[in-house]
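We name chains A, B, ... by the order of the sequence lines, and we start the count at 1 in each one.
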Protein chains: 2
Amino acid sequence: MNIREIAERAGVSRSTVSYVLSGKRQVTEVTRLRVMSVIDEAGYRPSAMARALAHGETRTLGLVIPPLHHHLSSEQLQFVGAVAEAAADRDYDILLSPSGGDREEAFDRLVGERKVDGILLMETRWHDRRARLLTEMGFPFVTIGRTGAEREHAWVDLDYSGLVAESMRQLFALGHRNIAFINRPQEMLDQEYGPALRSLEAFENARTRLGVDGLARCCEDSASGAHSVIDDILEVVPAVTAVLTINEQALGGVMEALQRHGRRVPQDVSVMAIASVRVATQVQPAVTAADVPAEQMSQQAVDALLRRISDPGTALEHLLLSPSFLDRGSVGPARR
Amino acid sequence: MNIREIAERAGVSRSTVSYVLSGKRQVTEVTRLRVMSVIDEAGYRPSAMARALAHGETRTLGLVIPPLHHHLSSEQLQFVGAVAEAAADRDYDILLSPSGGDREEAFDRLVGERKVDGILLMETRWHDRRARLLTEMGFPFVTIGRTGAEREHAWVDLDYSGLVAESMRQLFALGHRNIAFINRPQEMLDQEYGPALRSLEAFENARTRLGVDGLARCCEDSASGAHSVIDDILEVVPAVTAVLTINEQALGGVMEALQRHGRRVPQDVSVMAIASVRVATQVQPAVTAADVPAEQMSQQAVDALLRRISDPGTALEHLLLSPSFLDRGSVGPARR
DNA sequence: TTGAAAGCGGTACCAA
DNA sequence: TTGGTACCGCTTTCAA
């Protein structure tokens, strides 16, 4: 069933059918109704491919996701669902491209074969080949998380630096003078993963500025990773009174491990985190944290991308989100 | 840059360029090389849309995912990544369609506008509107997880019934006569979610058959959900010696809660699960479990779908996987 | 207000 | 071994 057949059945030309569907030109109400009834009766829907070819836009966005063997935390994956929904709300579809590491064919297919109108890049690194490539090609894209070339492209990101600094201020104000920071795994730091990098830097800066003791540790994205890191921290700095982490995969393990060591939260140790609401509320006890607002970020990334596609000339959008810390009772004054 | 331009630069016809690219007809080595060098020099890649239109296939598969407000467990999301990789390995792309609930437009777009060659359906329910629709339309699709109409379409599924029965046998053999089963949330049962349904049934059957005491409980997909369920179970049946669960989101909470109640694993209580390796190994202590082999299932689903697309006439493939339980030490003889 | 026809960028058949 | 050309199904300009 194609547009020609509809045209014949309705006794009009193909262009009239097209205009009835697009509304881009006046059509007498009577013919419009006739055409519409034929369309409904036939259950006709225009071919997306043909439209894309003629019209020059696919109404599809590419989403580049990291390959499985990388640590894609389940919460990173929430972005995938959120992006798909945000796009669907705007009548766009999302084409997935597992990329990074050795599998770049899918990525090349998306841009090279023009299967998509624009691209969303997530899990970006400081030196990001794909971002560089897209910039060079002038292909519309937005990253979720910055790269080292942040002025060169549009992005949406969480202000890890600011959030870490803010939490350090809050802890300091409560009398904490010995604070531990639990980061993402060492290898992510090695790969110049933005949040790990910026958070660590902000932690060390705040520590120096405020004159606070403590230490930073990388930690595997797992409960068991958290157990060993807490063991390590309590051995090296038994006097620690607060723990700050951006590793939500480890958060549950952190709470367990502290309990195992007989440290009560918040009486003995305060815990603060940057983590999704889900994780922060599900651990026992719940943790005072700044949300990672995946849905909001995804929507804004999609909107920013659609704007870049329709107005490639306008200024690049840079959106730094800084959600506030929600008190869930895991933070208290420092034990003397 | 299009095929005409390449043809002109190489001094051949468009068809020759096309044949050089597809290899569907003999081309003299010398012209082949000439054409290839022009192509490389120009960085030319044929337009996917034009090819799709002419050739009648999009080389894209649709993946229908449940909307966010449903319980998008990390386990489910692993499938998304795994399916994308499996497809990429076969030079196919994956188009995401959030569906279920009130958002069906994206789904209709995929099939109605023929954006994809076939569809993978996940999170299927017993009565599944989408599966029914696709069956009626004769559209190629494969489900990950069965529906009530399992003979009507191809599927890949985990044998929850068999696995639950098997674990009950193993526990029985170890002397357990009082076994609790922890299911997915009540609402998933209400929605006739296959694994929840079949597992519960298998549990009750085994209990009757073996003459074992115990009880089944639904449980929210979270640690806190697990805590209350374990509280409940230990209050109702203090003599319980084994816990079996298919709720991997709750597994960590189950272990914590047992510990909180002073029950050691496996000395006081044995724990068995159907869960991803990642979760089963990350909880403390690790749990003896049957893997949910997401990667394997995704690959097989993609392959089955590609076969359906190329040979729509062949028999529907039904693939029931039954991974074996991997001993991680959380199961022991029943305490007397 | 509507129709005819030239694209969009490929594929593949029919000739040569 | 290669070229010419009629599609694929839709959009949009130009004419009527």
Worksheet item: Glu29(B) has an atom CD; how far is it from atom C1' of dT2(D), in whole Å?
Response: 16 Å
Worksheet item: Rounded to the nearest Å, what distance is computed from the CG atom of residue Leu53(B) to the P atom of nucleotide dA6(D)?
Response: 17 Å
Discussion item. Are more than 12 heavy atoms, taken from residues, nucleotides or ligands other than Glu295(A), located less than 6.0 Å from that residue's CD atom?
Written reply: no
Worksheet entry | Six-ring centre of Tyr193(B), Arg125(B) cation under 6.0 angstrom, axis tolerance 45° | no
Fill in: Distance, rounded to the nearest Å, where Ile3(A) contributes CD1 and dA5(C) contributes C1'
14 Å
Practice prompt. Look at the side-chain N and O atoms of Lys24(A) and state whether any lies under 4.0 Å from the OP1 or OP2 oxygen of dT11(D).
Written response: no
Worksheet item: Just checking Ser15(B): base, sugar-phosphate only, or nothing, at a heavy-atom cut-off of under 4.0 Å?
Response: base
Worksheet entry | Sugar-phosphate, base or nothing in reach of Thr16(B), heavy atoms under 4.0 Å | sugar-phosphate
Response to the item:
Rounded to whole Å, the CD-P distance (Glu8(A) to dG9(D)) equals 13 Å
Worksheet item: Does His55(A) make a side-chain N or O approach to OP1 or OP2 of dT12(D) shorter than 4.0 Å?
Response: yes
Worksheet item: Ignoring hydrogens and angles, are the base of dT2(D) and the side chain of Arg25(B) linked by a donor-acceptor pair under 3.5 Å?
Response: yes
Worksheet item: Do you see a donor-acceptor pair shorter than 3.5 Å between the side chains of Ser18(A) and Ser15(A)?
Response: no
Response to the item:
In whole angstroms, the gap separating P of dT11(D) from CG of Leu21(A) amounts to 7 Å
Worksheet entry | Selected nucleotide, minimal atom distance to Tyr19(A) side chain, candidates dT11(D), dG10(C), dT12(D) | dT12(D)
Fill in: Per Ser47(A) side chain, nearest of listed nucleotides dC10(D), dG9(C), dT2(C)
dC10(D)
Worksheet, complete the sentence: Between Ala54(B) and Gly11(B), whichever has its closest DNA chain D nucleotide further toward 5' is Gly11(B)
Worksheet item: Base, sugar-phosphate alone, or nothing: which one does Arg4(B) contact when heavy atoms must sit under 4.0 Å apart?
Response: nothing
Discussion item. How close do Arg59(B) and Lys115(A) get, counting heavy atoms only, and between which atoms?
Written reply: O-NZ, 3.3 Å
Practice prompt. Whole angstrom is fine here: how far is it from CE in Met49(B) over to P in dT11(C)?
Written response: 14 Å
Worksheet entry | Per Arg14(A) side chain, nearest of listed nucleotides dT12(D), dA5(C), dG10(C) | dA5(C)
Worksheet entry | N/O (side chain, Tyr44(B)) to phosphate O (OP1/OP2, dG10(C)) under 4.0 Å | yes
Discussion item. How many whole angstroms separate atom CD1 of Ile6(A) from atom P of dC10(D)?
Written reply: 9 Å
Discussion item. To check you understand the geometry: which heavy-atom pair defines the closest contact between Ser99(A) and Val64(A), and what is its length?
Written reply: CB-CG1, 3.3 Å
Fill in: Atom pair distance, as rounded to whole Å: CZ in Arg45(A) and P in dC10(D)
12 Å
Practice prompt. May I ask you to verify if any side-chain N or O of Ser13(B) is less than 4.0 angstrom from the OP1 or OP2 atom of dG4(D)?
Written response: no
Worksheet item: So what does Val12(A) touch, heavy atoms closer than 4.0 Å: a base, only the sugar-phosphate, or nothing?
Response: sugar-phosphate
Discussion item. For dT11(D) and Ser22(A) - does any side-chain N or O of the residue sit under 4.0 Å from the phosphate oxygens OP1/OP2?
Written reply: no
Worksheet item: Which of these nucleotides, dT1(C), dT1(D), dT11(D), is closest to any side-chain atom of Thr28(A)?
Response: dT1(C)
Fill in: Nearest non-hydrogen partners of Gly112(A) and Arg45(B), listed with the distance
O-CB, 3.8 Å
